[in-house]
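Please read the structure below before turning to the comments.
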Protein chains: 2
Amino acid sequence: MPEKVIPDIVVGRLPIYLRALQRMLAENRHVTSSQELGERLGISAAQIRKDLSQFGEFGKQGTGYSIDYLADQIRQILNVDKVWDIAVVGAGDIGSAVARYQGFANRGLQVAMIFDNDPGKIGTKIGPFTVQDIAELEPSIKQAGIKVAMIATPSEHAQEVAEQLISAGVQAILNYAPINLAVGEHVRVQYIDPVIHLQRMTYYL
Amino acid sequence: MPEKVIPDIVVGRLPIYLRALQRMLAENRHVTSSQELGERLGISAAQIRKDLSQFGEFGKQGTGYSIDYLADQIRQILNVDKVWDIAVVGAGDIGSAVARYQGFANRGLQVAMIFDNDPGKIGTKIGPFTVQDIAELEPSIKQAGIKVAMIATPSEHAQEVAEQLISAGVQAILNYAPINLAVGEHVRVQYIDPVIHLQRMTYYL
DNA sequence: TAGATTGTTAATCGATTAACAATC
DNA sequence: TAGATTGTTAATCGATTAACAATC
């Protein structure tokens, strides 16, 4: 019996739902509906119900969804009911900002180590972390069992760094370098490049 | 005669194509094909040809695309054959990293000013920019005719900042605060939240 | 109970792919 | 010319929406 495959586009919306639910909790709300959630996010109520129904039945007819319960369920689905350690590679402006970023708290992720190849940076402190020599990347990541990494190096080094990360056991990479990475089937990559987002909007100006 | 509406999902791929083409130019390449481009990007050759055909005929049967020419054409389509000034709001770690980011060069965008509300930051230098008082946001942006902005403030202030930006004439906002903005029809918003990308991958771990 | 909202089915809509004539 | 690759059409595939019975 083959397990049902969830479309990636549905998986991609779950973190958005979760973020909105956590926001509602912060506003001291306890119950919501697919309609309200949809209005906040600019997504149709039907789509939200359809997406959630891929994973189970989380609501009650007539009343909607318990925010607390639904958030818990989505956290379990996304595997962020535990906390994943992240390795950051590159201690420049972006790597430093990421290492100090407060926004990971309570979202199932935390930075655990940061690497650079610049002798002038190795050994210095960034937030609570001491910058490690990139030569230690593979053993450190293997030893810690880290599966998630962020690349914040210049483009020229991103592919090479990705390969090291993968051979150290990393399976999910968030790449801030503006270049496409070639990786094997079993490795996930996501990209953050502000220019891509901006150019997508300048089209309409 | 209504102008043909291009699907937003197609517009969203053009910056990706452009980035890959600029990369190829940097590698001293001069000609490419939909197949090669597709392999680099993990997109089908048919899709690339279909996307481009929405805007014109840029290739030659038998030989493919002149990289230089195609990049030029895409730049024109995306309106990044000129350079857009960007206002950055929030001079914390993220705002500072963005203001110093080298990756805007030759991509049709540049940071022009940065604002904060912290008296301890106002007047200090970040890269080549002097942090301006957020009280000056509306007049400064209006005066400079700026249409593109990035929000890098705490979540609590993002909505309020967005409203100020919009009333100053901004039409495209890249929001680093992990919260959904409510804006009018004529304003575009894009979001960057590393946690959203990471949670999308932890699902598969 | 009456009103509200879910989960799900079927219909619609839109995006992707396959295939190929045109042609460089 | 022969080989390669485009631009485009038609077919396929997948995602979104509308509608409603079930039920809280």
Side-chain angles (χ1 to χ4, degrees), chain A residues 2-18 20-21 24 29-74 76-77 200 203, chain B residues 2-18 20-21 24 29-74 76-77 200 203:
Chain A
E3 208 174 316
K4 182 175 52 167
V5 176
I6 308 291
D8 185 60
I9 197 164
V10 173
V11 174
R13 279 190 295 260
L14 294 184
I16 312 271
Y17 299 161
L18 179 56
L21 292 168
M24 286 178 178
R29 304 283 315 286
H30 292 96
V31 174
T32 188
S33 64
S34 58
Q35 185 178 358
E36 184 192 37
L37 206 45
E39 274 165 19
R40 285 217 187 193
L41 298 175
I43 292 177
S44 79
Q47 177 154 92
I48 291 172
R49 293 201 303 277
K50 187 106 210 284
D51 285 351
L52 296 176
S53 75
Q54 303 263 11
F55 303 96
E57 308 192 357
F58 306 125
K60 273 216 215 350
Q61 284 102 324
T63 58
Y65 300 90
S66 155
I67 296 175
D68 211 36
Y69 176 74
L70 181 56
D72 260 352
Q73 294 297 309
I74 295 179
Q76 282 181 37
I77 294 165
R200 188 177 185 152
Y203 171 80
Chain B
E3 209 174 313
K4 183 176 50 170
V5 176
I6 309 291
D8 184 62
I9 197 164
V10 173
V11 175
R13 279 190 294 260
L14 294 184
I16 311 270
Y17 299 161
L18 179 56
L21 292 168
M24 286 178 178
R29 304 282 316 287
H30 292 96
V31 174
T32 188
S33 64
S34 58
Q35 187 179 356
E36 184 192 36
L37 206 44
E39 274 165 17
R40 286 216 188 192
L41 299 175
I43 292 177
S44 80
Q47 177 153 93
I48 290 172
R49 293 201 302 279
K50 187 106 211 284
D51 285 351
L52 296 176
S53 75
Q54 304 263 11
F55 303 95
E57 308 192 356
F58 306 124
K60 271 215 215 353
Q61 284 103 323
T63 58
Y65 301 90
S66 155
I67 296 174
D68 212 35
Y69 177 73
L70 182 55
D72 260 351
Q73 294 297 309
I74 296 180
Q76 282 181 36
I77 294 165
R200 188 176 184 152
Y203 172 80

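Values below: all heavy atoms of this structure, side chains included; hydrogens, waters and symmetry mates excluded. Proteins get letters first, then strands, A, B, ... in listed order; numbering begins at 1 in each.
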What is the distance, to the nearest angstrom, from the [atom1] atom on [X] to the [atom2] atom on [N]?
X	N	atom1	atom2	value
B:I48	C:dT17	CD1	P	11 Å
A:L52	D:dT16	CG	C1'	15 Å
B:D51	D:dT8	CG	P	13 Å
A:F55	C:dT8	CZ	C1'	16 Å
A:Q47	C:dT6	CD	C1'	16 Å
B:Y69	D:dT6	OH	P	15 Å
A:I6	D:dT16	CD1	P	14 Å
B:L37	D:dT6	CG	C1'	14 Å

With the side chain of [X] defined as its heavy atoms from C-beta on, choose the nearest nucleotide among [options].
X	options	value
B:R49	D:dT9, C:dC20, C:dC24	C:dC20
A:I9	D:dG7, D:dT9, D:dA15	D:dA15
B:Y65	C:dT17, C:dG7, D:dG7	D:dG7
B:K50	D:dT6, D:dT9, D:dT17	D:dT9
B:Q61	C:dT16, C:dA22, D:dT16	C:dA22

Review point. Tell me, do B:V10 and B:F55 make a side-chain contact under 4.5 Å, heavy atoms counted?
Key: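 Yes, side chains in contact.
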
Review point. Is the shortest side-chain N/O distance from B:T63 to OP1 or OP2 of C:dC24 below 4.0 Å?
Key: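 No.
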
Check your understanding: Taking only side-chain nitrogens and oxygens of A:S44, does any of them come within less than 4.0 Å of OP1 or OP2 of D:dT17?
Key ->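 A:S44 to D:dT17 OP1/OP2: side-chain N or O found under 4.0 Å.
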
Point to revise | From CA spacing to verdict: side-chain contact (heavy atoms from CB on, under 4.5 Å), A:I77, A:I6 | key: CA-CA 11 Å; A:I77 294 165; A:I6 308 291; over 6 Å; no

Check your understanding: Should D:dC20 form a Watson-Crick or G-U wobble pair with both distances under 3.5 Å, which nucleotide is its partner?
Key ->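 By the stated definition (distances under 3.5 Å), C:dG7 pairs with D:dC20.
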
Point to revise | Pairing partner (Watson-Crick or G-U wobble, both distances under 3.5 angstrom) of D:dT12 | key: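 Its partner is C:dA15.
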
Exercise for review: Between B:E57 and A:K60, just flag the one whose closest nucleotide in DNA chain D comes earlier from the 5' side.
Suggested key: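 Nearest nucleotide further toward 5': that of B:E57.
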
Exercise for review: Would you kindly compare A:V10 and B:G56 by the position of their nearest DNA chain D nucleotide and give the one closer to the 5′ end?
Suggested key: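 It is B:G56, whose closest nucleotide lies nearer the 5' terminus.
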
**Study point:** Closest contact, heavy atoms only, A:L41 versus A:A20
**Key:**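 Residues A:L41 and A:A20, closest heavy atoms: CD2-CB, 4.0 Å.
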
Practice item. Please figure out whether A:G62 or A:S53 has its closest DNA chain C nucleotide nearer the 5' end. Key: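 By nearest-heavy-atom nucleotide position, the 5'-most residue is A:G62.
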
Practice item. List the steps and the verdict of side-chain contact (heavy atoms from CB on, under 4.5 Å) for A:Y65 and A:L21. Key: CA-CA 10 Å; A:Y65 300 90; A:L21 292 168; over 6 Å; no

Exercise for review: Using side chain to side chain contact (heavy atoms under 4.5 Å, CB included) as the criterion, point out the one residue from A:I16, A:I48, A:I67 that pairs with A:L37.
Suggested key: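 Filter result, single survivor: A:I48.
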
